[in-house]
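Single-structure report; data block below.
Model, not experiment: these values are computed from the prediction.
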Amino acid sequence: MNNIIEYYEILGLQPGASQADVKQAYRDLAKTCHPDYFPDPQLKQQAEEEFKKINEAYKHLKFHQPSPNQTSHPEVNSANSANVESCYNQAMKNAERGRYTEAIEGFTLAIRLNPDYINAYKFRGLACSKLGYENRAYSDFKKVTELELLQRKTEPSPAPPSQPQPQPTPPAPSTAAWRYYTLIGHVSGVSCIAISPDGQHIASGSSDKTIKIWHLSTGKLLHTFTGDSEWVRSVAFSPNGKILVSSSDAKTIKIWQLATDQLLC
């Protein structure tokens, strides 16, 4: 890997970010994906691979001095726009087929061509989450929120009507619409999260010895599992989304049935 833009993406930053931002991003990611936080061997191996990428990115960026034009995005011309859409559409096809690694590569290429492509960040985040790369998924979802806020600020205000107009009835909210929330409920640090296969729920584990299930589109807390006696280190959904598995410092693995909110074993 030798592309400076890729290093910025790994740390969840825009090209040209300050040295202070680079250092802070590295510290934040190190807290969430250090291999020592993952007792499960498979998750630990994934975390080690991610941590190597994070360390490599930080090593190259902590002394990198961006050129003056690196802080601004290039204009997306018509030919470039066609390439962006082609990369994005191919990535979506790979994601629909469950080929998440190829999908991430496609979304990343689309983002390089257009760094403000909101949907590319959004679906790359989902693909990263499917592979367990929660820190990269978090960075992408955070970027989506920033771009949407910036987009709303730059949208021109509508001209006032010349005379009062009847207000249309607002449409019912779409259940597929994306919304962003700060989920508050744990009384201690959150150590792990997982998104259900259907993208409807989030499971979070914490050092407060609980697991919480949240509704993704509303941010509502649905249930709290309290069967663990120690720090919850990892959570994972079954492929059909009906079972949740957790591990903790109690050296146990627990299996929960989501439909009944019961501990199976």
Side-chain angles (χ1 to χ4, degrees), residues 3-33 50 53-54 57-58 60-62 64 66-76 80-81 84-85 87-88 91-92 95 100 103-157 173-174 176-184 190 193-195 199 202 204 214-219:
N3 191 319
I4 288 295
I5 294 179
E6 288 186 32
Y7 295 137
Y8 280 113
E9 289 177 353
I10 290 172
L11 296 184
L13 298 171
Q14 286 297 304
S18 68
Q19 293 297 310
D21 289 339
V22 169
K23 184 177 293 187
Q24 187 59 51
Y26 173 75
R27 288 175 176 173
D28 292 342
L29 291 174
K31 291 177 182 178
T32 60
C33 66
E50 282 294 290
K53 295 178 182 178
I54 292 168
Y58 180 62
H60 284 82
L61 293 180
K62 63 180 177 179
H64 176 66
S67 59
N69 62 354
Q70 195 172 3
T71 59
S72 60
H73 296 160
E75 293 296 327
V76 181
N80 195 39
S81 179
V84 170
E85 290 303 315
C87 294
Y88 174 79
M92 286 296 293
Y100 299 117
I104 291 171
E105 293 174 355
F107 290 131
T108 299
L109 184 54
I111 289 169
R112 287 181 195 165
L113 296 172
N114 180 4
D116 296 328
Y117 201 152
I118 293 177
N119 280 341
Y121 284 106
K122 182 185 298 183
F123 288 104
R124 187 177 70 175
L126 285 173
C128 286
S129 180
K130 290 288 188 180
L131 294 178
Y133 305 150
E134 300 299 344
N135 62 307
R136 296 186 68 182
Y138 170 79
S139 296
D140 279 342
F141 294 147
K142 179 181 177 183
K143 183 62 179 177
V144 170
T145 304
E146 293 172 354
L147 289 175
E148 290 186 335
L149 288 173
L150 181 62
Q151 189 178 69
R152 286 198 290 269
K153 288 180 180 179
T154 57
E155 286 177 351
S157 301
S174 169
W178 278 82
R179 299 177 177 86
Y180 299 90
Y181 303 92
T182 298
L183 306 181
I184 300 175
V190 176
I193 62 171
I195 299 178
I202 294 177
S204 60
W214 315 80
H215 194 269
L216 184 59
S217 64
T218 64

- Task: Quick one: list whatever passes side chain to side chain contact (heavy atoms under 4.5 Å, CB included) with Thr108, sequence neighbours left out.
- Result: Glu9, Ile104, Arg112, Arg124

- Spacing of Trp214 atom CH2 and Ile193 atom CD1 [to the nearest 0.5 Å]: 11.5 Å

- Task: Work out which heavy atom in Ala103 is nearest to a heavy atom in Ala95; give both atom names and the distance.
- Result: CB-N, 3.7 Å

- Task: Report the residues that fulfil side chain to side chain contact (heavy atoms under 4.5 Å, CB included) with Tyr117, sequence neighbours left out, ordered by chain and then residue number.
- Result: Val84, Glu85, Tyr88, Ala110, Asn114, Asn119, Ala120

- Message: Is there a side-chain contact between Thr145 and Lys142 in this structure, where contact means two heavy atoms from C-beta onward sitting under 4.5 Å apart?
- Response: no

- Message: Testing the basics here: between Phe107 and Met92, what is the closest heavy-atom pair and its distance to 0.1 Å?
- Response: CZ-SD, 3.6 Å

- Query: How far apart are the C-alpha atoms of Tyr26 and Lys62, what are their side-chain angles, what is the distance that settles it, and do they pass the side chain to side chain contact (heavy atoms under 4.5 Å, CB included) test?
  - Reply: CA-CA 10 Å; Tyr26 173 75; Lys62 63 180 177 179; over 6 Å; no

- Query: Atom OH in Tyr121, atom CD in Glu146: separation rounded to 0.5 Å?
  - Reply: 9.5 Å

- Note on the structure: Heavy-atom nearest pair, Ser204 first then Val190, reads CB-CG1, 4.3 Å

- When rounded to the nearest 0.5 angstrom, what is the spacing between NZ in Lys53 and OH in Tyr7? 12.0 Å

- Taking only residues two or more places apart in sequence or in another chain, which ones pass side chain to side chain contact (heavy atoms under 4.5 Å, CB included) with Asp21? Leu13, Ala17, Ser18

- Any chance you could measure Ser129, atom OG, to Tyr100, atom OH, to the nearest 0.5 Å? 10.0 Å

- Query: To the nearest 0.5 Å, how far apart are NZ in Lys143 and CD1 in Ile118?
  - Reply: 9.5 Å

- Item | Spacing of Glu50 atom CD and Leu131 atom CG [to the nearest 0.5 Å] | 9.5 Å

- Of all heavy-atom pairs between Leu126 and Phe141, which one has the smallest distance, and what is that distance? N-CZ, 3.7 Å

